[in-house]
Structure formats: C-alpha cells, structure tokens
2 protein chains.
Amino acid sequence: MFAMSLDTRERLLRETEVLLRTKGYAAFSYADLAERIGIRKASIHHHFRTKEELGAALIDTYLVKFEADLAQILGQEREAIPRLRRYAGFFTASMREGMMPLCGALSAETAALPLAMQQRVRHFFELHLAWLRTVLKEGVKAGELGPDLDVGETASLVLSALEGASLVAWALKDASVITPAFEQVVSRLIDSTSTNNPIRE
Amino acid sequence: MFAMSLDTRERLLRETEVLLRTKGYAAFSYADLAERIGIRKASIHHHFRTKEELGAALIDTYLVKFEADLAQILGQEREAIPRLRRYAGFFTASMREGMMPLCGALSAETAALPLAMQQRVRHFFELHLAWLRTVLKEGVKAGELGPDLDVGETASLVLSALEGASLVAWALKDASVITPAFEQVVSRLIDSTSTNNPIRE
DNA sequence: GACAGCCTACCTACTAGTAGGTTTAGACGT
DNA sequence: ACGTCTAAACCTACTAGTAGGTAGGCTGTC
C-alpha cells in the first residue's frame with residue numbers, strides 16, 4: 001500500500017537519523033536499522049539501494065527541514081540576538097534529545113565517508129555559515145551589533161563554538177556546557193555595542 | 001629483539017594515531033593498520049591483545065605527551081594570552097598535519113566506543129579544561145584578564161571553540177577557520193580588561 | 001632452551017548487498 | 001461481481017568480503 005510504504009520509508013529515515021547522530025556512519029549497520037524498524041535487512045534495500053544512498057537521503061531531508069527552520073526564525077524574530085539564541089536552541093535541543101547535531105556527528109569521520117555524504121556535510125556547514133552571516137550583517141546594519149564586527153569570522157566562531165560545545169558536552173555527558181559557551185559569545189557581541197545585557201531567556 | 005619490538009610497538013601506536021585522527025575508531029581496522037606497518041594482522045595481537053586495548057593505549061600515550069606539552073607551556077610562558085595562543089597552536093598544528101585533534105575525532109562516536117576509551121576521552125577533556133582554568137585563573141590574578149571573567153565558562157568556550165573550529169575546518173577542508181575563531185575569543189578576553197577601556201558607561 | 005616477534009592458517013560473527021519467491025492491494029476489462 | 005494483471009512491499013536464503021581474534025609453528029637472539 002502506498003501510505004504504508006511512505007510510512008516505512010519515513011521510519012527508516014527517522015531511525016537512520018538517530019543512529020547517525022549517536023553512533024556515526026561507520027558504526028551503524030543495516031542489521032541495526034532493520035531490527036529497530038521491525039523489518040528484514042533486505043527490505044531496506046527496497047527503499048534505499050545502498051547505505052550511501054540512505055545516508056545521503058537522510059542528510060537531504062534533514063537539510064530541507066533545517067533550511068525551513070532557519071527561514072522561520074528570520075520570519076519570527078527581527079533582531080540579531082534573539083535570532084542567534086533561537087539558532088543555539090537547535091544545539092541544546094539536540095543534546096536534550098540525546099543526540100549530536102547531525103553534521104557535527106558526521107564531520108569527524110568525513111575522511112571515511114562516501115563522497116556523496118562528504119559533499120552534503122560540507123554544503124550543510126556552508127548553509128549554516130551563510131545564514132549566520134546574514135543575521136550578523138543585518139544586526140550590524142540595524143545598529144544592534146558593533147559596526148566593526150567581522151561578520152565572516154564571527155559566523156565561524158558561533159558555529160564552531162556551538163558544534164564544539166556539543167562535542168564536549170557529548171563526550172562529558174553533560175549538556176550544561178553548551179548554553180554558557182554560546183552566551184559568552186553572545187554577551188561579548190552585545191558588550192561591543194552600547195546596549196546593556198539582557199541575560200536569561 | 002627488544003629494541004625491534006619497541007620499534008614496532010611504537011610504529012603501531014603512531015599509525016593508530018593517524019587512523020584514529022582521520023577515520024575514527026569504527027572505520028579503522030587491524031587489516032588497515034597491519035598493511036601500513038608491513039606486518040600481518042595477527043602480529044598486532046602480539047603487541048595489543050584487542051583493538052580496545054590498542055585504542056586505550058594510544059590515548060594513554062597521547063595523554064602523557066600532551067600533559068607534558070601543557071606543562072612546558074606553563075614553564076615557558078608566563079602570561080595568559082601567550083599561553084592560550086600556544087594552546088591553540090596544537091589545534092592549528094593538527095590541521096596542518098591533516099588530522100583532527102584526537103579527542104575531537106573520537107568524541108562524536110563516543111556512544112559506539114568501548115568503555116575504556118569513553119572514559120579516557122572524557123578524562124582527556126577534563127584535563128584540557130582544568131589546564132585552561134588554571135591559565136585563566138592566573139591571568140585574572142595577575143590582572144591580565146578582567147576580574148569579572150568567569151573562569152569555568154571561559155575555559156569551556158576556549159575548548160569548545162577550538163574543537164568546533166577544527167571540526168568545521170575538517171569538514172570544509174579549510175584550516176583557515178581555526179585561528180580567526182580563536183583570536184576572536186582571545187581578543188574579547190583582552191577587551192574585557194581595563195587596559196584599553198574607552199569609556200562606555 | 002626460553003622467549004620475543006612474527007608468521008600461516010584458520011575461526012566465528014558480521015558487513016553490505018543480491019536473487020528470487022510470496023503477500024497484498026489497487027486497476028481494469030469482461 | 002469476477003478473475004486477471006501489475007506492482008509495491010516484504011520475505012527467506014544466500015553471496016562475497018571483512019571484522020576482530022585464535023592456535024600453533026618457525027626463527028633468531030639472549
């Protein structure tokens with residue numbers, strides 16, 4: 001049945017996401033996945049011909065969803081700091097759900113990844129950076145952030161700090177690293193302007 | 001012969017380091033390793049009974065060396081900023097050598113790692129953080145850094161930013177992300193001191 | 001002769017992937 | 001309403017290849 005098939009495909013993608021974001025690409029297997037879904041290994045191949053195709057498809061769907069989420073933030077928030085705070089929320093949400101951010105989980109093993117996935121991870125990070133640059137640029141233009149702020153480098157810093165904090169939090173099994181690291185970055189963005197400090201959410 | 005054995009053992013550790021820091025734990029194999037060294041797979045077991053033991057031993061040696069390096073920095077530099085800059089040098093050096101920092105490479109796949117390695121990765125990060133806190137604390141005491149600086153959170157930020165920047169740089173195959181991210185953190189540490197304080201309430 | 005170091009040959013468990021058959025269900029002509 | 005056709009979805013049973021690990025033998029040095 002059509003609806004049933006879509007369902008299974010989606011469940012496959014969902015479980016793949018969990019496995020990729022907890023164990024990584026190399027350490028997850030079709031057997032693993034099949035058992036979680038409750039179908040046989042061979043049936044996965046009906047939906048995704050190869051592991052590489054499944055991995056690539058997962059990143060693609062994830063990316064579409066993520067792009068929409070980022071666009072939504074731009075629509076709902078009009079100031080740079082709240083936008084960044086919402087952005088940081090994705091990372092704290094990841095940890096709360098007991099997972100790494102997808103591309104943070106994959107990029108360490110980039111060298112062992114199929115080419116199709118390498119490219120997508122790369123594209124994903126570039127998307128993050130482009131969005132952050134947009135937010136920062138508008139923040140500067142609106143006078144919310146200092147005019148001397150280096151947009152490109154600050155975007156890198158925000159992404160790096162959040163991915164890195166997630167990595168450290170993941171290894172230490174202590175999510176409380178993320179928010180302070182981010183708030184430190186943000187508070188210094190604010191310090192460099194003339195406004196004062198609206199801490200806490 | 002004893003010297004010969006040590007040699008092989010050391011070469012095993014060195015190649016293991018390369019493999020772990022480029023492909024990760026799950027994606028590297030005894031076959032891989034044996035070929036690089038030029039011995040048979042089975043012979044590795046003579047030096048390290050299991051893969052887990054090899055991995056743990058690698059982290060242990062790495063950790064000893066790293067602790068010495070950190071101690072050396074404390075001996076050679078007496079100010080916080082140069083100390084941090086030397087610390088950041090480890091991360092840029094990693095990328096220059098075409099590798100991830102060891103624990104950054106491993107921590108993403110923590111959940112798929114043998115327990116002995118999980119604990120060591122964790123311990124490694126805690127060592128980093130403890131060292132950073134020491135440097136920052138002394139920097140505050142010496143008046144090089146602002147007295148209001150949160151030592152614990154700043155230590156987390158420095159580690160996170162550098163690990164994260166390495167991750168991003170690794171995925172983008174562009175090492176130039178690391179230094180700017182770090183310098184941004186550092187420059188804001190300096191800004192928050194009273195030395196170059198141009199008014200602002 | 002003890003033993004380190006390395007070997008060949010092998011094991012079991014598991015990997016992604018394939019071949020080919022069965023079940024289910026909707027579409028269609030009569 | 002009926003059998004017939006098609007095709008999606010899934011199955012069992014299998015492949016070749018690789019994973020980490022073991023048993024036992026050869027060799028050279030102390």
Side-chain angles (χ1 to χ4, degrees), chain A residues 1-20 22-59 106 109 111-118 120, chain B residues 1-20 22-59 105-106 109-118 120:
Chain A
M1 202 225 276
F2 189 58
M4 192 54 186
S5 119
L6 247 188
D7 208 69
T8 301
R9 204 190 133 92
E10 241 160 61
R11 278 163 64 214
L12 281 169
L13 285 172
R14 263 213 347 218
E15 285 302 321
T16 299
E17 184 184 330
V18 173
L19 287 169
L20 284 184
T22 51
K23 304 172 133 204
Y25 183 78
F28 109 92
S29 73
Y30 266 37
D32 238 352
L33 182 56
E35 205 188 355
R36 282 162 180 255
I37 298 288
I39 61 176
R40 301 291 132 175
K41 232 178 36 166
S43 307
I44 303 176
H45 288 279
H46 177 73
H47 300 275
F48 303 95
R49 265 176 303 191
T50 65
K51 193 186 176 186
E52 173 172 358
E53 195 178 299
L54 170 57
L58 187 272
I59 304 189
L106 294 179
E109 52 174 340
L113 246 40
L115 193 66
M117 298 193 65
Q118 282 184 40
R120 280 166 173 84
Chain B
M1 203 227 274
F2 188 58
M4 191 55 186
S5 119
L6 247 189
D7 208 70
T8 301
R9 204 190 134 93
E10 241 159 60
R11 278 163 63 212
L12 281 169
L13 285 171
R14 263 213 347 217
E15 286 302 321
T16 299
E17 184 184 331
V18 173
L19 288 169
L20 283 184
T22 50
K23 305 173 132 201
Y25 183 79
F28 109 93
S29 72
Y30 264 38
D32 241 352
L33 182 56
E35 205 187 353
R36 281 162 181 256
I37 298 289
I39 60 175
R40 303 292 132 174
K41 233 178 34 166
S43 307
I44 303 176
H45 289 279
H46 177 73
H47 300 276
F48 302 96
R49 266 176 303 192
T50 65
K51 193 186 177 187
E52 174 173 357
E53 193 178 301
L54 170 57
L58 187 272
I59 304 187
L106 295 180
E109 52 176 339
T110 281
L113 245 38
L115 194 64
M117 298 195 63
Q118 284 184 40
R120 279 167 175 81

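Here is the naming used below: chain letters follow the sequence lines, and residue numbers restart at 1 for every chain.
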Quick one: which of [options] gets closest to the side chain of [X]?
X       : options                : result
A:Lys41 : D:dG20, C:dA16, D:dC10 : C:dA16
B:His45 : D:dC11, C:dA16, D:dG21 : D:dG21
B:His46 : C:dA16, C:dC6, D:dC10  : C:dC6

Which pairs count as salt bridge (Lys or Arg N to Asp or Glu O under 4.0 Å) when at least one residue sits in residues 33-48 of chain B, sequence neighbours excluded?
B:Glu15-B:Arg36

Considering residues at least two apart in sequence or located in another chain, which fulfil the ring-ring contact (aromatic ring centres under 6.0 Å, His included) criterion with B:Phe48?
none

Using the ring-ring contact (aromatic ring centres under 6.0 Å, His included) criterion, which residues pair with A:Phe28? Sequence neighbours excluded.
none

Taking it one step at a time, do B:Ile37 and B:Ile44 satisfy side-chain contact (heavy atoms from CB on, under 4.5 Å)?
CA-CA 10 Å; B:Ile37 298 289; B:Ile44 303 176; over 6 Å; no

Whole-Å distance separating the [atom1] atom of [X] from the [atom2] atom of [N]:
X       : N      : atom1 : atom2 : result
B:Phe48 : D:dG20 : CZ    : C1'   : 16 Å
A:Leu12 : D:dC10 : CG    : P     : 8 Å
B:Ile44 : D:dT22 : CD1   : P     : 13 Å

side-chain contact (heavy atoms from CB on, under 4.5 Å) for B:Leu12 and B:Leu58? Distances and angles first, verdict last.
CA-CA 9 Å; B:Leu12 281 169; B:Leu58 187 272; over 6 Å; no

A:Arg49 side-chain N/O to C:dG17 phosphate OP1/OP2 under 4.0 Å:
no

OP1 or OP2 of C:dC6 versus the side-chain N and O atoms of B:Thr8: is any pair under 4.0 Å?
yes

Can you list everything that forms a side-chain hydrogen bond (donor to acceptor under 3.5 Å, both in side chains) with A:Gln118? Sequence neighbours excluded, please.
none

Is the shortest side-chain heavy-atom distance between B:Lys51 and B:Leu54 below 4.5 Å?
no

Donor-acceptor pair, side chain of B:Tyr30 and main chain of B:His45, under 3.5 angstrom
no

So, A:Ser43 side chain and A:Ile39 main chain: donor-acceptor pair closer than 3.5 Å or not?
no

Could you go over nucleotides 23-28 of chain D and give all protein N or O partners under 3.5 Å, atom names and distances?
none

Any donor-acceptor pair, under 3.5 Å, between the side chain of B:Lys51 and the base of D:dG21, if you only look at N and O atoms?
no

Any residue of residues 22-35 of chain B with a heavy atom less than 4.0 Å from an atom of DNA chain D
B:Phe28, B:Ser29, B:Tyr30, B:Ala31

